[in-house]
Amino acid sequence: MSDVPAVKAALKSQAVETPSWAYGNSGTRFKVFAQPGVPRSPQEKLDDAAQVHTFTGVAPTVALHIPWDTVEDYGALAKYAEERGLKLGAINSNVFQDDDYKLGSVTHPDPAVRRKALDHLLECVDIMDATGSRDLKLWFSDGTNYPGQDDIAARQDRLAEALSAVYERLGEEQRMLLEYKFFEPAFYTTDVPDWGTAYAHCLKLGPKAQVCVDTGHHAPGTNIEFIVALLLREKKLGAFDFNSRFYADDDLMVGAADPFQLFRIMYEVVRGGGLSSGVAFMLDQCHNIEPKIPAIIRSVMNVQEATAKALLVDRDALAAAQRGGDVLGANAVLMDAYNTDVRPLLAEVREELGIDPDPMGAYRDSGWAERIVAERVGGQQAGWGA
């Protein structure tokens, strides 16, 4: 049976990074629905993130997105975060919103556009230096829409050249996380469409380049836990972007669409040593119609619950069943852990951390939601591109 004190210790040490953009307005290509009280600045995003950490106890870092979170003094922003019990996490680049990037960024056929994109990526490393961030997260919308539009192999050469330049600029303790997405907005070829492409580039670059698995960036039916297990085995899993999908890259709350899949992923993380090997557990979600701070709190709790169940798997019993070829017995061990109600265990963990055992209720009763609606009047609310 699982060692409950060890399970509690693992849960207390877990950290889930929240994304600054999840606190701002977001939507689909059809409509963005504004909400009252949404932050108007990176500082107000950090104020909201501090509430999530206060009520969950395990969300101490916040990812930034450049230029959405551009400020004049990043050192001062890092200090602002520190004063609220937070640290600045991954720096996310943006080479997909300028008109120049219509045909690509670092893989664009025009060297002037490629240089512009590379300069932005290098600027993001400068920001990492100022904030003390460990991770640079790279996602490219680059690709083509039609056969013959561009040379597929040449685009890979251009991608490799840019990644190499960024890699050389990284500091000793900094990492590059290469994210992949199998389609959208490029519909014929995407330049980094899958984990294999990302892995191949990272393998060539070296140990500071690792793969980021966005749980929404896969075709229906993809066995994401297999990808996780393989990348952990190869020591190339750098981070997760947690979210849920029904159809494509829906960016819904993690665990909302398929909590059993999240459990299966977290079991492979536990089994592969990912809880203690530096893997970053980041949310990448957009809360288009639901209140943002409660949705992020719930998302953190969903990750905690899946992790707790994964930690409760009786691995000795599972290994014995596997060795004996007991197919149903092995499956039953996993299902026993998944069907365990871990909410009382997590309530105990929170009480031992000195926080309220009911994060959602505690936030609701805190008055923060009413306060920000009253105080954040005027100005421009943060959102995509704002």
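- The environment of NZ in Lys12 is crowded: more than 12 heavy-atom neighbours from other residues, nucleotides or ligands sit within 6.0 Å.
- With hydrophobic clusters built from ILVMFWY side chains whose heavy atoms lie under 4.5 angstrom apart, Leu118 does not share a cluster with Leu103.
- Residues Gln43 and Val71 form a side-chain contact, since some pair of their non-hydrogen atoms from C-beta on lies under 4.5 Å apart.
- Here the closest heavy-atom approach between residue Gly255 and residue Leu262 is recorded as CA-CD2, 4.0 Å.
- Partner Phe96 forms a side-chain contact (heavy atoms from CB on, under 4.5 Å) with one of Trp139, Tyr101, Phe140 and no other, that one being Trp139.
- Arg233 places no side-chain N or O within 3.5 Å of a backbone atom of Gly272 that could act as its donor or acceptor partner.
- The cationic atom of Lys292 (NZ for Lys, CZ for Arg) does not lie both less than 6.0 Å from the six-membered ring centre of Tyr23 and within 45° of the ring axis.
- Between Ile127 and Ile66, some side-chain heavy-atom pair lies under the 4.5 Å cut-off.
- A side-chain donor-acceptor contact under 3.5 Å links Glu17 to the backbone of Ala90.
- Hydrophobic clustering, with ILVMFWY side chains joined whenever heavy atoms are under 4.5 angstrom apart, groups Val192 together with Leu237.
- Lys181 and Asp241 are not joined by a salt bridge, as no carboxylate oxygen comes within less than 4.0 angstrom of a charged side-chain nitrogen.
- Between the Asp356 side chain and the Pro359 main chain, no donor and acceptor come within less than 3.5 Å of each other.
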* Can you check side chain to side chain contact (heavy atoms under 4.5 Å, CB included) on Ile296 and Leu283, steps first, answer last? -> CA-CA 8 Å; Ile296 298 170; Leu283 303 180; 4.1 Å; yes
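- With hydrogens and angles ignored, the 3.5 Å screen pairs a side-chain donor or acceptor of Asp110 with a backbone N or O of Ala112.
- Of the candidates Tyr180, Phe182, Trp195, Tyr180 is the only one forming a ring pair (Phe, Tyr, Trp, His ring centres under 6.0 Å) with His218.
- Considering all non-hydrogen atoms of both residues, Lys45 and Ser20 come closest at CD-O, 3.4 Å.
- Glu348 CD: more than 12 foreign heavy atoms inside a 6.0 Å radius.
- Put simply, the side chain of Leu121 reaches to within 4.5 Å of the side chain of Val106, judged on heavy atoms.
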Steps toward side chain to side chain contact (heavy atoms under 4.5 Å, CB included) verdict (Ser164, Leu205): CA-CA 7 Å; Ser164 178; Leu205 287 166; 4.2 Å; yes
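- A distance of 9.5 Å separates NE2 of His120 from OG of Ser105, quoted to the nearest 0.5 Å.
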query = Which is it for Asp150 and Arg158 under the salt bridge (charged side-chain N to carboxylate O under 4.0 Å, His left out) test, yes or no, and what are the steps along the way?
reply = CA-CA 12 Å; Asp150 201 358; Arg158 299 169 200 156; 2.9 Å; yes
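- In Glu83, the CD atom is crowded: over 12 heavy atoms of neighbouring residues, nucleotides or ligands sit closer than 6.0 Å.
- A donor-acceptor pair shorter than 3.5 Å cannot be found between the side chains of Tyr74 and Asp69.
- The aromatic rings of Phe260 and Phe263 lie parallel to each other, with less than 30° between the two planes, well short of the 60° mark.
- Remark: the backbone N or O of Asp341 is not paired with any side-chain donor or acceptor of Glu305 at under 3.5 angstrom.
- More than 12 heavy atoms of other residues, nucleotides or ligands shown are found within 6.0 angstrom of CZ on Arg40.
- If you check the side chains of Asn302 and Ser299, you find no donor sitting under 3.5 Å from an acceptor.
- Atom NZ of Lys236 has more than 12 heavy atoms from other residues, nucleotides or ligands within 6.0 Å.
- Under the 4.5 Å side-chain contact rule for hydrophobic residues, Leu177 and Ile91 do not share a cluster.
- Between the side chains of Asn243 and Asp250, no donor-acceptor pair of N or O atoms lies under 3.5 Å.
- No side-chain heavy atom of Ile227 sits under 4.5 Å from any side-chain heavy atom of Val211.
- Here the side chains of Val349 and Gln304 are not in contact, with every heavy-atom distance at 4.5 Å or above.
- Without hydrogens or angle criteria, Ser26 side chain to Cys286 main chain gives no donor-acceptor distance under 3.5 Å.
- For His287 and Phe33, the ring centers sit 6.0 Å or farther from each other.
- Here OG1 of Thr215 is found 7.0 Å from CD of Gln261. Values are rounded to the nearest 0.5 Å.
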Practice item. Verify salt bridge (charged side-chain N to carboxylate O under 4.0 Å, His left out) between Asp358 and Arg350, making sure each step is shown before the conclusion. Key: CA-CA 8 Å; Asp358 177 13; Arg350 293 179 186 119; over 6 Å; no
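- Between the side chains of Asp129 and Gln174, at least one donor N or O lies within less than 3.5 Å of an accepting N or O.
- At least one side-chain heavy atom of Arg376 sits under 4.5 Å from a side-chain heavy atom of Asp47.
- Side-chain atoms of Thr307 and Gln14 include a donor-acceptor pair closer than 3.5 Å.
- Between the Gln35 side chain and the Glu290 main chain, a donor and an acceptor come within less than 3.5 Å of each other.
- Linking Ile, Leu, Val, Met, Phe, Trp and Tyr residues whenever their side-chain heavy atoms come within less than 4.5 Å leaves Leu252 and Val52 in two separate clusters.
- The heavy-atom pair separating Leu232 from Gly274 by the smallest distance is CD2-CA, 3.9 Å.
- In this structure a side-chain-to-backbone donor-acceptor pair under 3.5 Å is missing from Asp98 to Asp100.
- With hydrogens and angles left out, the side-chain atoms of Trp368 and Asp48 include a donor and acceptor closer than 3.5 Å.
- Crowding of Phe226 atom CZ: a count of heavy atoms from other residues, nucleotides or ligands under 6.0 Å not exceeding 12.
- Linking Ile, Leu, Val, Met, Phe, Trp and Tyr whenever their side-chain heavy atoms come within less than 4.5 Å leaves Met253 and Phe246 in two separate clusters.
- Under a 3.5 Å cut-off, the side chain of Asp191 and the backbone N or O of Gln156 do not form any donor-acceptor pair.
- Arg155 places no side-chain N or O within 3.5 Å of a backbone atom of His108 that could act as its donor or acceptor partner.
- Salt-bridge check for Asp249 with Arg245: failed, with every basic side-chain N at 4.0 Å or more from each acidic carboxylate O.
- Side-chain contact between Val342 and Leu312: present, with at least one pair of heavy atoms (C-beta onward) separated by less than 4.5 Å.
- Here the side chains of Val254 and Phe240 are not in contact, with every heavy-atom distance at 4.5 Å or above.
- For Glu82, the CD atom is loosely surrounded, since the number of other residues' heavy atoms within 6.0 Å does not exceed 12.
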